[in-house]
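Presented below is the structure to which this report refers.
Atoms considered below: every heavy atom in the structure, side chains included; atoms not considered: hydrogens, waters and symmetry mates.
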Amino acid sequence: MQPLAGLALPLITRAVSAVGVVAFPPESVMVTVTARPVPVRSSVHWAPKPTTATVPRIRTCVRAVLEGWRISPTVADALLLVVSELVTNAVQYADAVTDRLRVTVTFGGGWLQLEVADGDPALPGAGAEVDPDSESGRGLMIVHLLVAEMCGEVAALPCGRGKAVRVRIPAS
């Protein structure tokens, strides 16, 4: 595996544009691929600014990547829900302390891994009490339940000056 040189970026941009994705600037995208039709290990990451527009853009980009990796619709839908929740949390809670998020999706060894990193060192409180009348505050609980149902793992860990929330689920 080697990072793609500038030659491949126009191909990626065209492919992304073909599915209606709003592409991020080239400096915010890193793609690693293998030469096999179904990747042995492949990774894609984005480094967007934490804005509300980032959530649907990342979801659309991740959807295109999962389709390219031929991930089943059931698994893809679950990971897309997780992406939406984690990126929304990062935008909502880390926006004041970070100017970039890092979203990475990796496929290899029969597993999909999603990592959402931001510059806020505060680790999320899984299972925190939520007011039953509140309209928000359930996203991380939903992520934990969905990932557990898929026999996966969720971890929140320090990452540089911030944190990363990492999710692993079986790819099939």
Side-chain angles (χ1 to χ4, degrees), residues 3-4 6 9 12-13 16-17 19-32 41-66 75-108 111-150 152-169:
L4 294 174
L9 192 55
I12 294 166
T13 303
V16 166
S17 297
V19 294
V21 177
V22 177
F24 292 105
E27 68 275 2
S28 72
V29 178
M30 166 68 176
V31 179
T32 307
R41 182 161 176 84
S42 193
S43 183
V44 181
H45 81 255
W46 300 268
K49 293 186 181 213
T51 68
T52 54
T54 298
V55 178
R57 286 181 185 165
I58 290 292
R59 187 175 47 243
T60 302
C61 290
V62 171
R63 178 181 291 115
V65 168
L66 296 175
V75 173
D77 286 347
L79 194 63
L80 290 168
L81 176 59
V82 171
V83 165
S84 295
E85 292 297 334
L86 295 182
V87 173
T88 297
N89 283 354
V91 166
Q92 184 175 1
Y93 297 110
D95 179 37
V97 296
T98 190
D99 64 340
R100 290 276 178 197
L101 304 177
R102 188 183 76 239
V103 180
T104 306
V105 181
T106 305
F107 175 43
W111 290 87
L112 285 168
Q113 180 172 292
L114 165 70
E115 185 173 284
V116 177
D118 60 51
D120 184 359
L123 296 176
E129 290 268 335
V130 177
D131 180 353
D133 296 327
S134 176
E135 292 184 16
S136 64
R138 294 173 183 81
L140 200 54
M141 179 181 65
I142 291 169
V143 167
H144 278 275
L145 292 171
L146 181 60
V147 170
E149 184 176 301
M150 298 183 73
E153 308 163 347
V154 179
L157 46 138
C159 179
R161 291 186 214 156
K163 68 170 166 310
V165 178
R166 185 177 296 158
V167 171
R168 276 187 48 162
I169 59 173

Checklist entry - Between Val62 and Val65, does a side chain to side chain contact (heavy atoms under 4.5 Å, CB included) hold up when you go through it step by step? => result CA-CA 5 Å; Val62 171; Val65 168; 5.6 Å; no

Next on the checklist: Quick one, Asp120 with Lys163, criterion side chain to side chain contact (heavy atoms under 4.5 Å, CB included). Give me CA distance, side-chain angles, the key distance, then yes/no.
Outcome noted: CA-CA 6 Å; Asp120 184 359; Lys163 68 170 166 310; 3.5 Å; yes

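- Taking all atoms of both residues into account, the shortest heavy-atom contact from Arg168 to Val147 is O-CG1, 4.0 Å.
- The minimum heavy-atom distance between Cys61 and Trp46, with the atom names listed, is CB-CZ2, 3.5 Å.
- The shortest non-hydrogen separation linking Arg100 to Ala47 is NH1-O, 2.8 Å.
- The OG1 atom of Thr106 sits 9.0 Å away from the CG atom of Leu114 when rounded to the nearest 0.5 Å.
- Interatomic distance, CZ of Arg59 versus CG of Leu81, reported as 9.5 Å (0.5 Å rounding).
- Annotation: side chain of Leu101 is not in contact with side chain of Ile58 (no heavy-atom distance under 4.5 Å).
- Residue Glu115 holds its CD atom at 4.5 Å from CZ of Arg166, rounded to the nearest 0.5 Å.
- Remark: Lys49 does not engage Asp99 in a salt bridge, criterion side-chain N to carboxylate O under 4.0 Å.
- Val87 pairs with exactly one of Val165, Val82, Asp118, Val116 by the side chain to side chain contact (heavy atoms under 4.5 Å, CB included) rule, that one being Val116.
- Closest of all the heavy-atom pairs between Cys159 and Arg102 is SG-NH2, 3.9 Å.
- Panel note: side chain Thr88, backbone Ser84; a donor-acceptor pair is recorded below 3.5 Å.
- In this structure, the separation between CD on Gln113 and CD on Glu153 is 9.0 Å, given to the nearest 0.5 Å.
- The two residues Thr54 and Pro48 come nearest to each other via the heavy atoms CG2-CG, 3.5 Å.
- What you find for Pro50 and Thr98 is that their closest heavy atoms are CG-O, 3.6 Å.
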